[in-house]
**Q** 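Questions regarding the structure given below will be posed in turn.
Along the sequence shown, residues carry numbers from 1. Heavy-atom basis, side chains included; hydrogens, waters and symmetry copies ignored.
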Amino acid sequence: MNEVIGTILEAEAKAEEIVSEGERESRRTIEAGAAAAEQAKADAERLLLSEREKKLAEAEREAEARYRALNEEAKAEAERFGASCQDKIEAAAQSAVRKVFGA
């Protein structure tokens, strides 16, 4: 009978050890999962910042190119306008002189 009780006590002790080891392993798994989650979050934030910087730089390049194109268009239009007025300058000047001096 003592042998049976000893076997039962031994089995209970072994079961307690298995439960304790399971709890320790569970805690390690949870801690590892939390660390992995933190690392994933940090990686995602770095990636987001990197992508944001790339998109911002791309938008700035596109805006600069658009600005240059618009500026060139405006210069060309101003030159066309100036050229179209060139032949009218002499007549306008003579008209102004006549109005001022009555000639």
Side-chain angles (χ1 to χ4, degrees):
M1 178 103 154
N2 283 341
E3 233 177 85
V4 172
I5 292 174
T7 303
I8 292 171
L9 291 175
E10 193 176 298
E12 285 179 349
K14 183 71 173 166
E16 285 180 20
E17 170 129 0
I18 291 170
V19 168
S20 292
E21 180 58 32
E23 288 173 348
R24 285 191 296 275
E25 184 63 29
S26 176
R27 279 193 296 276
R28 284 192 294 266
T29 301
I30 290 169
E31 289 169 359
E38 283 297 317
Q39 184 62 46
K41 179 183 174 188
D43 292 346
E45 287 174 350
R46 277 193 298 279
L47 179 61
L48 177 67
L49 290 174
S50 174
E51 286 300 313
R52 188 179 98 183
E53 288 173 6
K54 287 178 188 175
K55 293 293 183 184
L56 183 59
E58 181 180 331
E60 287 175 351
R61 283 191 301 275
E62 289 174 4
E64 182 64 31
R66 182 71 178 136
Y67 168 78
R68 283 193 304 273
L70 288 172
N71 195 27
E72 290 300 316
E73 287 176 25
K75 283 181 184 177
E77 189 172 333
E79 287 175 11
R80 285 191 301 273
F81 181 70
S84 73
C85 294
Q86 197 64 36
D87 60 340
K88 297 175 180 110
I89 292 175
E90 182 65 31
Q94 288 177 3
S95 176
V97 167
R98 279 192 300 273
K99 287 182 182 180
V100 172
F101 297 110

**Q** Distance-only criterion, 3.5 Å: show the donor-acceptor pairs between side-chain atoms of residues 24-33 and protein atoms not counting sequence neighbours.
**A**
| residue | atom | partner | partner atom | Å |
| --- | --- | --- | --- | --- |
| Arg24 | NE | Glu21 | OE1 | 3.3 |
| Arg24 | NH2 | Glu21 | OE1 | 2.8 |
| Glu25 | OE1 | Arg28 | NE | 3.3 |
| Glu25 | OE1 | Arg28 | NH2 | 2.7 |
| Arg28 | NH2 | Glu21 | OE2 | 3.0 |
| Thr29 | OG1 | Glu25 | O | 2.9 |

**Q** Would you find a donor on one side and an acceptor on the other, under 3.5 Å apart, between the side chain of Ser95 and the backbone of Ala91?
**A** no
**Q** Could you pull out all residues at least two apart from Asp87 that satisfy side-chain contact (heavy atoms from CB on, under 4.5 Å)?
**A**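 Asp87 satisfies side-chain contact (heavy atoms from CB on, under 4.5 Å) with no residue once adjacent residues are dropped.
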**Q** Show every donor-acceptor pair shorter than 3.5 Å between a side-chain atom in residues 56-75 and any protein atom, with sequence neighbours excluded, or say none if there are none.
**A**
| residue | atom | partner | partner atom | Å |
| --- | --- | --- | --- | --- |
| Glu64 | OE2 | Arg68 | NH1 | 3.4 |

**Q** In Å, rounded to the nearest 0.5 Å, how long is the span from CZ of Arg52 to CG of Leu47?
**A**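 It comes to 13.0 Å.
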**Q** Could you note down all residue pairs passing side chain to side chain donor-acceptor pair (under 3.5 Å) where residues 39-48 supplies at least one of them, sequence neighbours left out?
**A** Gln39-Asp43, Asp43-Arg46
**Q** With sequence neighbours left out, write down each residue that passes side-chain contact (heavy atoms from CB on, under 4.5 Å) with Ile8, or none if nothing qualifies.
**A**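 Applying side-chain contact (heavy atoms from CB on, under 4.5 Å) to Ile8 gives Val4, Glu12.
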**Q** Counting N and O atoms only, with roles assigned by atom type, does the side chain of Ser20 sit under 3.5 Å from a partner on the main chain of Glu17, one being a donor and the other an acceptor?
**A**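 Such a contact is absent between Ser20 side chain and Glu17 backbone.
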